[in-house]
Structures are given as structure tokens and as C-alpha cells.
Amino acid sequence: MRRVSVVGSTGTGKTHFSRELAQIMDVPFVELDAINWGPNWTMIGPERFQARASEAIAADAWVVDGNYGGQGVRDLVWARADTIIWLDYSLPVILRRLWRRTTTRIRTGAEVWPNTGNRETLRNAFFSTDSLFWWAVTTYRTRRKNYPRLLALPRYRDRTVHRFRRPVEAERWLDAQRQAALARIQT
């Protein structure tokens, strides 16, 4: 396992999980949202996004967090990945996690991605047509339907796939990876 793609619905905790895994593996972490979003909540455009993503995954090893099927980036990432991890949690779990993350960001005024100035507000989080809550609800069923079909495509059949349906499963797996990394260091 050297090149890992972590996917799942908005709010599953892909970024947190991916950062943890990258640290355990001692490889670069790539957050697709961070390379796609610019100041004032503007996307950089498909060509630039694909170029940035291609550059980020040119390395021998990495953990990438994000979906982006419509922009063609998922195909770039999955073509190089040897492992795909799908955080496939229930909608209530996703909405609870999204609520906790969003309200914390609003309360602290934390910048979502460095050097963008993008911050979540009550207005954009709860009263906008671009609300992540709305996005999570409206894309949830489609994602759950499409990922099994995508993962079964011949071009991805040789990938190792881990599908975690509950956060505790993902945490146990990460703990096993930590233990294996420690064992390698000690030998």
C-alpha cells in the first residue's frame, strides 16, 4: 500500500482519516478540495485542477482525500492508486459529523483551506443553495449507488478496496496500520 485514495460523502471525515493515514504511512497528504478551491469560494477550473492533481499524484506514494468524479480527477487518482478506501457511513452519522465540523469552524472563524480566506458562516452553511448539508443529502444515494459500480470496472479491479460502513471500523483499521508501522520500526 503506497498510493491511497480515500473517498466518501461530504462530512464522513475523509480529510481527518486521510491525514492520519498519511502520517502513519509517512507519505504526502493531498486534499483535493485544497487544490481546487481558491479565494472567495471559487474553483480554479477543470484544466488547472487536473494539472494540479496530476502533479500531486506524480510521487511514488501519497494519500489523496476527495471524490471529484465530474471533473475527471477521480479517474486520474484511481488510475495510480493501489488502494481505495470508501468511508460509506449512514446519513445520520454524516450529518452529525458535518454539523460538528461546521459549527466549530463558524465558532472559531477557522480558514477552511490555507491562504484562501474561505471561512464558513451561518449564511453559507445553512441558508445557501451551496450548503454542504444540502449537498450531502442530495448526493448521498447516488454516491452509494455509483461507487460499487465504479469499483467493479475492469480498470480498477486490481485495486485493494476497503469499505468502512461505520466510523469504528475505520478507526480499528487505522489502529492496525499504526501497530504495523510500529512493528516495522522496531524490527
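Not measured: the values here are computed from a predicted model.
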I'd like to know if [Y] and [X] are part of one continuous hydrophobic network [Ile/Leu/Val/Met/Phe/Trp/Tyr, side-chain heavy atoms within less than 4.5 Å].
X: Met43; Y: Val77; result: yes
X: Val63; Y: Leu87; result: yes
X: Val6; Y: Val30; result: no
X: Tyr140; Y: Trp135; result: no

Spell out, as yes or no, whether a donor-acceptor pair under 3.5 Å connects the side chain of [X] to the backbone of [Y].
X: Arg52; Y: Ile35; answer: yes
X: Lys14; Y: Ser9; answer: yes
X: Arg178; Y: Ile24; answer: no
X: Asn118; Y: Trp41; answer: yes
X: Trp62; Y: Ile57; answer: yes
X: Ser131; Y: Ala125; answer: yes
X: Gln23; Y: Arg19; answer: no
X: Arg141; Y: Val137; answer: no
X: Glu111; Y: Thr116; answer: yes
X: Thr12; Y: Gly8; answer: no

Q: Among Leu150, Ile84, Val64, find the one that has a side-chain contact (heavy atoms from CB on, under 4.5 Å) with Arg74.
A: Leu150
Q. Glu120 pairs by side-chain contact (heavy atoms from CB on, under 4.5 Å) with which of Thr104, Thr103, Ile106?
A. Ile106
Q | Aromatic ring proximity, centroids under 6.0 angstrom, Trp86 and His162 | A | no
Q.
Counting the benzene-type ring for Trp, do Phe127 and Trp134 have ring centres under 6.0 Å apart?
A. no
If I take atom [atom1] from residue [X] and atom [atom2] from residue [Y], how far apart are they, to the nearest 0.5 angstrom?
X: Thr121; Y: Arg105; atom1: OG1; atom2: CZ; result: 12.5 Å
X: Asp88; Y: Arg166; atom1: CG; atom2: CZ; result: 12.5 Å
X: Ser5; Y: Leu76; atom1: OG; atom2: CG; result: 11.0 Å
X: Tyr147; Y: Leu151; atom1: OH; atom2: CG; result: 8.0 Å
X: Thr10; Y: Arg143; atom1: OG1; atom2: CZ; result: 5.5 Å
X: Leu21; Y: His16; atom1: CG; atom2: NE2; result: 11.5 Å

I'd like to check [X] versus [Y] (side-chain heavy atoms, cut-off strictly below 4.5 Å). Are they in contact?
X: Phe133; Y: Thr102; value: yes
X: Val161; Y: Tyr156; value: no
X: Asp65; Y: Leu32; value: no
X: Trp99; Y: Phe126; value: yes

Q. Counting heavy atoms not belonging to Trp113, are there more than 12 under 6.0 Å from its CH2?
A. yes
(Q) Is it the case that atom CG in Asp158 sees more than 12 heavy atoms from other parts of the structure closer than 6.0 Å? (A) yes
Tell me the closest heavy-atom pair linking [X] and [Y], and the distance in Å.
X: Phe29; Y: Thr15; answer: CZ-CG2, 3.8 Å
X: Pro28; Y: Ala61; answer: CD-O, 3.2 Å
X: Pro39; Y: Thr42; answer: O-OG1, 2.8 Å
X: Asp60; Y: Arg3; answer: O-NH1, 3.2 Å
X: Val93; Y: Tyr89; answer: CG1-CB, 4.0 Å
X: Ala136; Y: Ile94; answer: CB-CG2, 4.3 Å

Q.
For a side chain to side chain donor-acceptor pair (under 3.5 Å) check, start with the C-alpha distance between Asp75 and Tyr68, then their side-chain angles and the critical distance, and finish with the verdict.
A. CA-CA 9 Å; Asp75 290 337; Tyr68 288 99; over 6 Å; no
(Q) Which label fits Phe164 and Phe17: parallel for a plane angle under 30°, tilted from 30 to 60°, or perpendicular past 60°? (A) tilted
**Q.** NZ/NE/NH1/NH2 to OD/OE distance under 4.0 Å, Glu169 and Arg163
**A.** no
(Q) So that I can tick it off, tell me whether Asp175 and Arg172 are bridged by a salt bridge, with the cut-off set at under 4.0 angstrom between side-chain N and carboxylate O. (A) no
(Q) Between Val112 and Arg119, is the side chain to side chain contact (heavy atoms under 4.5 Å, CB included) condition met? List the steps. (A) CA-CA 6 Å; Val112 179; Arg119 289 177 170 75; 5.5 Å; no
